[in-house]
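FYI, side chains are in, hydrogens and waters are out, and symmetry mates aren't considered; it's all heavy atoms of this structure. Start at 1 and go down the list; that is how both ligands and their atoms are numbered.
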Amino acid sequence: MLSKLRPVGSRVPLPRLEEEFRVPWEADYLTQFMGSGTEALSAAVAFAVGRKAGVQAPEVLIPAYGCPDLVAAVVAQGCRPVLVDLEASTSFMDHDRILAALSDRTVAVVAVGFLGIPERLAQLSNLCRHNGVLLIEDSAQCFPPACAGNPLADIAVLSFGRGKPINLMGGGALLIRHDHSHEARPLLQAWLLRKLRVDFRWRIKRLMFNFLMARFPYFVLERLPFLGIGQTRLHRLQAIHRLDVPEALFAAGVNRFFSLERPQSRYVSALKPMRAFGWESLCDIADPAVSQDDPILLRFPLLAPDPAIRDKALEALNAAGIGASAFYGRALREIDGVSALAGDGEDPCARDFAARLLTLPAHEDVTSADIKCVADVLFIVSGQAPRVTG
Ligand SMILES: *Cc1c(COP(=O)(O)O)cnc(C)c1O
């Protein structure tokens, strides 16, 4: 079969001048576009450091399962990343472990949304306020950010890279709550401003990106080892820039995001019976206090009953042409180069999470036949016969 359903990613939009547009966080946050999500996060950390200028060897709390860009953004500001283990079988940092990790040197806590599921901002904002540290919502994987409905985070971060909710082939944003915007202004001005030009080159690149998302091109792409598709690596952050993004492009991206039909609810019903065989759906952990609506998932995340079944499912789904993924594949501290920066630690829950996580494509090109195929494969690897459905 020369066909592969890509694991993640939505098509890049074209700017459309007539699109009317207001961001849902406008009343509470100032929006500053940045060169990438990592740059935006690092800028947020720089702001946190500046507010606690007396602190020697500042520290930033991040989850022990996550994107290595978190580490890059923190160390670029001369801070030490302190990895906080997860609450078992969730993507959330464990509350008691956060308390244990907080110190006089802590300048910020990064609340990282996971594949569309925001962190528990209400809890975290109380904790941060009591301890005088900045709460940064990393919403690179979630749109809109949870703070759009409820301005609990001091600063929020968005990403417009490929594989993120809104794909502009790069860029990010820093959302600064209005009570901080005056203080943040001089810091922002110090970073050079680049312009995102929607020129001929950009348009050709967009056509290529969009073409490569189809099943046959993606099948080929995945087999080119030098591209390293889907690999997780720690990249040092070189520099921070502000970005001037044409409003019509951002507006087209946001409007496109909200207009897409997604397979999420069909997965929920098709995979419900898997619970009886020990599979858990991470959709169930979303905190109703944060978002009134069901969050829009970037990928559909499941936890397998055990690591062996996860690995079997990964292999069988990919053989069937479904871009299922283990996502980062390992706990953050186990990614090359991270422990040298973050120090040693155990993170048993993050390791277990990494070993049992399976993500399924949740983008607009997933068909009902794909979902039936996923359900059948998961039944078989769980030792069950596939169900006969109408
Ligand atoms: C992708 C990602 C980032 C970095 O965003 P880039 O735009 O790729 O630099 C930061 N945090 C999380 C949680 C991410 O998933």
Identity and separation of the nearest protein heavy atom to atom 11 (N) of ligand 1: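 I find the closest protein heavy atom is Asp138 OD2, 2.6 Å.
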
Nearest non-hydrogen protein atom, atom 9 (O) of ligand 1: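 Ranked first by proximity to atom 9 (O) of ligand 1 is Thr38 OG1, 2.5 Å.
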
Aromatic centroids of [Y] and [X] separated by under 6.0 Å:
X	Y	result
Phe327	Phe114	yes
Tyr218	Phe211	no
His180	Phe47	yes

Would you check whether Gly37 has a nitrogen or oxygen atom less than 3.5 angstrom from a nitrogen or oxygen atom of ligand 1?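 Looking only at distances, the answer is yes, because the N/O contact criterion of under 3.5 Å is met.
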
Tell me whether Ser159 has any N or O atom under 3.5 angstrom from an N or O of ligand 1.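 Yes, since at least one N or O of Ser159 sits under 3.5 Å from an N or O of ligand 1.
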
Using a strict 4.0 Å threshold on nitrogen-to-oxygen distance, state whether Glu222 and Arg6 make a salt bridge.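 No, Glu222 and Arg6 are not salt-bridged.
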
Ligand 1-proximal atoms of Val112, by part, heavy-atom distance under 4.0 Å: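 It is the side chain that gets close, since no backbone atom is under 4.0 Å.
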
Report the part of Phe327 (side chain from C-beta onward, or backbone N, CA, C, O) that has a heavy atom under 4.0 Å from ligand 1; answer both or neither where that applies.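 Neither; nothing of Phe327 gets under 4.0 Å from ligand 1.
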
When Asn126 is tested against each of His130, Gln123, Arg129 for side chain to side chain donor-acceptor pair (under 3.5 Å), which residue passes?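 That would be Arg129.
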
Who gets closest to atom 3 (C) of ligand 1 by heavy atom: Gln141, His235, Lys164, Met34?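 Of the listed residues, Lys164 has the closest heavy atom.
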
Report the distance from atom CZ of Phe92 to atom SG of Cys349, rounding to the nearest 0.5 Å.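 Nearest 0.5 Å value for the CZ-SG distance: 14.0 Å.
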
What atoms of ligand 1 come closer than 4.0 angstrom to any heavy atom of Tyr328?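 Matching atoms, with element in brackets: 15 (O).
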
